[in-house]
Amino acid sequence: MPRRPPNPNDHLLRPSSSSIIRLVKSVANLDEPPNPPYLLHLFRQIPTPTTFLWNIVIRALFRGSSPLDSLRLYDQMRKRSVSPDAHTFKYSFKACGAGSLIKEGKSIHSDCVRRFAETDALIANSLMQMYVEFGEIGDARRVFDSIVTKDVVSWTTILNGCLKSGAVDEAVKVFDAMPERNVVSWTIMVSGFAKIGLSGEAIGFFKRMVEEGVKPDEVSIVSVLSACARSKDLETGEWVHRLCGNKGELTAVALVDMYAKCGNMESARRVFESADRRVTPAWNALIDGYCKSGDLESAQSLFDRMDHQRRDVVTFNSMITGYIHGGRFKEALRFFKEVQRLGLRPDNFTIVGFLTACTSLGALDQGRALHAYIVTSPIKNDVYIETALLDMYAKCGHIDHATAVFARMQCKDRQAFTAMISGLAVHGEGESALTHFDSMIEQGIRPNGVAYIAVLSACSHSNLVEEGRKRFKEMKSIHHIEPEIEHYGCMVDLLGRGGRLKEAEDLIQTMPIEPNSVIWASLLNACRVYNDVELAEKAAKKLIELEPDEDGAYVLMRNVYTRARRRAEAANVRRLMEAKGVRKMKGWSSIVVDGAVHEFVSGEASHPEMERIRAKMEEVEGRLRSEGYVAEGAGEVWMDVTEEEKEGVVCAHSERLAVAFGLVRLGSDATIRVMKSLRICGDCHSAIKMVSRIYAREVVVRDRSRFHRFRDGVCSCNDFW
DNA sequence: AAGTGTACAA
């Protein structure tokens, strides 16, 4: 029968019953899913449909993604006492599976056993598949065992169910016991193992399949290429490429993605350029590859070359994360505006990207606005969004909001716990961080190296030396995680700041990894705090070897000599710096007022409201002095300036300018929130403490390593940072 | 009965 296109006005012609039946059959059998209301409208005009007609409409409806309509039809069929046959059940089970209609599925199952034995593979296979989609592997297994003559689909379905439910050993048993395996069975093994991170095994199954003479199809090729991409197995990827050529647009996409993820952008580009159809996923895979390799220019030029109509939300998401990883947050935020302007629907990936940009910029207000938007939008919170949200609040200074987000999370994974722990760490809440870590382990979540970085840095920020030592030992002895350079860095910091300089030095000497600049800088900083000139000289020498152009070692060394009253040597360091052309890095601070970011650089007077700021600073200085404040500049030199300049410039440190600006422009009860690019200096720290008391203002400073919350003359760091 | 591009913690 020739298929005719559905015409919405056909029903107006009041056709005969037989032509309606022909129309329903043709609409229901279309490859493209029909419009459900239209199909139902036609169907209802048939006075007494046969079981066959009910069946094809039930099938058409769930294919058109209306599984609930399928089941309504099944119910009507029963009410009108039409006998269901095997196909009725097959399609109804599929509809239940597709729509996660668990209750309905079980009830139809019991209807079914009253009429048919489960031993019929036609029914049993779809029933099994339904239980697999419900995640009820036990029920699926029971159905499987009851089938008398299992065909290859029965075996393959239960195999898929085992892997989906995480029963890997069971899956292997089923696979070995199968009397016959086709390309689908093999592909299930390939993708199932790849999904749980065992890409090597996944690739092994593919190779075995080829050896046993089963011809790979496009789905299996795509699966194995994805496994190669995941495990960065370029060699196998190239072998698959030779095996399959680049036939088929899905293969081409998978090849581009595989080469890009393996870091071979030349091959990725070659496949892309020679593909007959450059579909959006292929562009996206290539763009993302350039972003991941840090080549934002190539990514941007591809993006520009792309047909505007072709760009989808994934394209934008890739660009956004690319710019974020490149540290270009403001440009990343511009893509969001573009997504909205084009009327594309931001998805969870977009939201996470936006939040990450806010976190890095310290843009609390924008992050908060997005949080409000999520609540009212159709976007469903997931663990990524929630983790990004809590991280945003923590890093923007609101540890209480972060804690609240965390408490409400339905499923807390390792990343969520780690974000919470490191949030508590930078706020100096070490004990709470350790409690969270312990409760994570109690819940059966195994820590990894990153979680341990968070824990050890929490100990180090809160001066929990013994706890830190204990955790560091347990890391290897209990959790079998080999410490990496970052963990040694935390330990050197912890021991050094805790005054155990000798132990810190011993650790550096005995650690199995070559110490890096972070480690030597930590030790040097500890030497400055505890006035150990000799060890400081050793550390500085190493640091300068590793980073000859950086100013850190010189600045710290000058402070060490000055504090030890060895002025000649301090001056010598200064001369050395000048001779080598090492320049001091200028720090900056920023503060948000009325949604606008204001940036301040030490000693610079470029801000348009500088007059008011200067007046405020003079007033503040006056009040500090009358309260007995003396600039610590006499003992410690923090800036690269001469003695005469010293006090004046210390007073003009960027964080002081930002705080003064906050006093001028913010309401008298608003918290002053400042972000600083470097660590806060000791002098500013004491001054801001007093400001918080004299002006009865809460001041929060986020510096390079942690938060300082100043309230009533006290800082949350307890002067330890 | 199987597959495909983008995300969070340091």
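Numbered from 1 within each chain, the chains take letters A, B, ... in sequence-line order.
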Open item on the list: Any base atoms under 4.0 Å from A:N125, or only sugar-phosphate, or nothing? Heavy atoms, all strands.
Closed with: nothing
Stacking between B:dC8 and A:Y384, yes or no? Criterion: centroid separation under 5.5 angstrom, plane angle under 30 degrees.
no
>> Applying a 4.0 Å non-hydrogen cut-off, can you work out what A:D151 is touching in the nucleic acid: base, sugar-phosphate, or nothing?
In response: nothing
Distance-only donor-acceptor test, A:N182 side-chain atoms vs B:dA1 base atoms, 3.5 Å = yes
Q. Which is true for A:I188 with a 4.0 Å heavy-atom rule: it touches a base, it touches only sugar-phosphate, or it touches nothing?
A. sugar-phosphate
Any heavy-atom pair between the side chains of A:M511 and A:I485 that's under 4.5 Å?
yes
- prompt: Under 4.0 angstrom, heavy atoms only, what part of the nucleic acid is A:T156 near: base, sugar-phosphate, or nothing?
  reply: base
Item to check | Under 3.5 Å side-chain donor-acceptor pair for A:N317 and A:N284 | outcome: no
Closest to the side chain of A:V450, out of B:dA1, B:dC8, B:dA9, is B:dA9
Ignoring backbone atoms, establish whether A:K195 has a side-chain N or O less than 4.0 Å from OP1 or OP2 of B:dT4.
no
With the side chain defined as heavy atoms from C-beta on, A:T387 is closest, among B:dC8, B:dA1, B:dT6, to B:dC8
| query | Using a cut-off of less than 4.0 Å, is there contact between a side-chain N or O of A:H325 and OP1 or OP2 of B:dT6? | reply | no
Inset, instruction - Could you tell me whether the phosphate oxygens of B:dA10, OP1 or OP2, come under 4.0 Å of any side-chain nitrogen or oxygen in A:K395? - result: yes
Item to complete: Decide whether A:D438 and A:T435 meet the rule of one side-chain donor and one side-chain acceptor closer than 3.5 Å.
Response: no
| request: Please determine if a side-chain N or O atom of A:N317 lies less than 4.0 Å away from the OP1 or OP2 oxygen of B:dA7. | output: no
Would you say the side chains of A:T157 and A:N160 form a donor-acceptor pair under 3.5 Å? no
When rounded to whole Å, the CE to C1' distance for the pair A:M319 and B:dG5 reads 15 Å
Rounded to whole Å, CG of A:D391 lies from C1' of B:dC8 at a distance of 8 Å
Check: NA contact type, A:T280, heavy-atom cut-off 4.0 Å: base, sugar-phosphate, or nothing?
Finding: base
Exercise for review: Classify the nucleic acid contact of A:V253 as base, sugar-phosphate or nothing, counting any heavy atom under 4.0 Å across all strands shown.
Suggested key: nothing
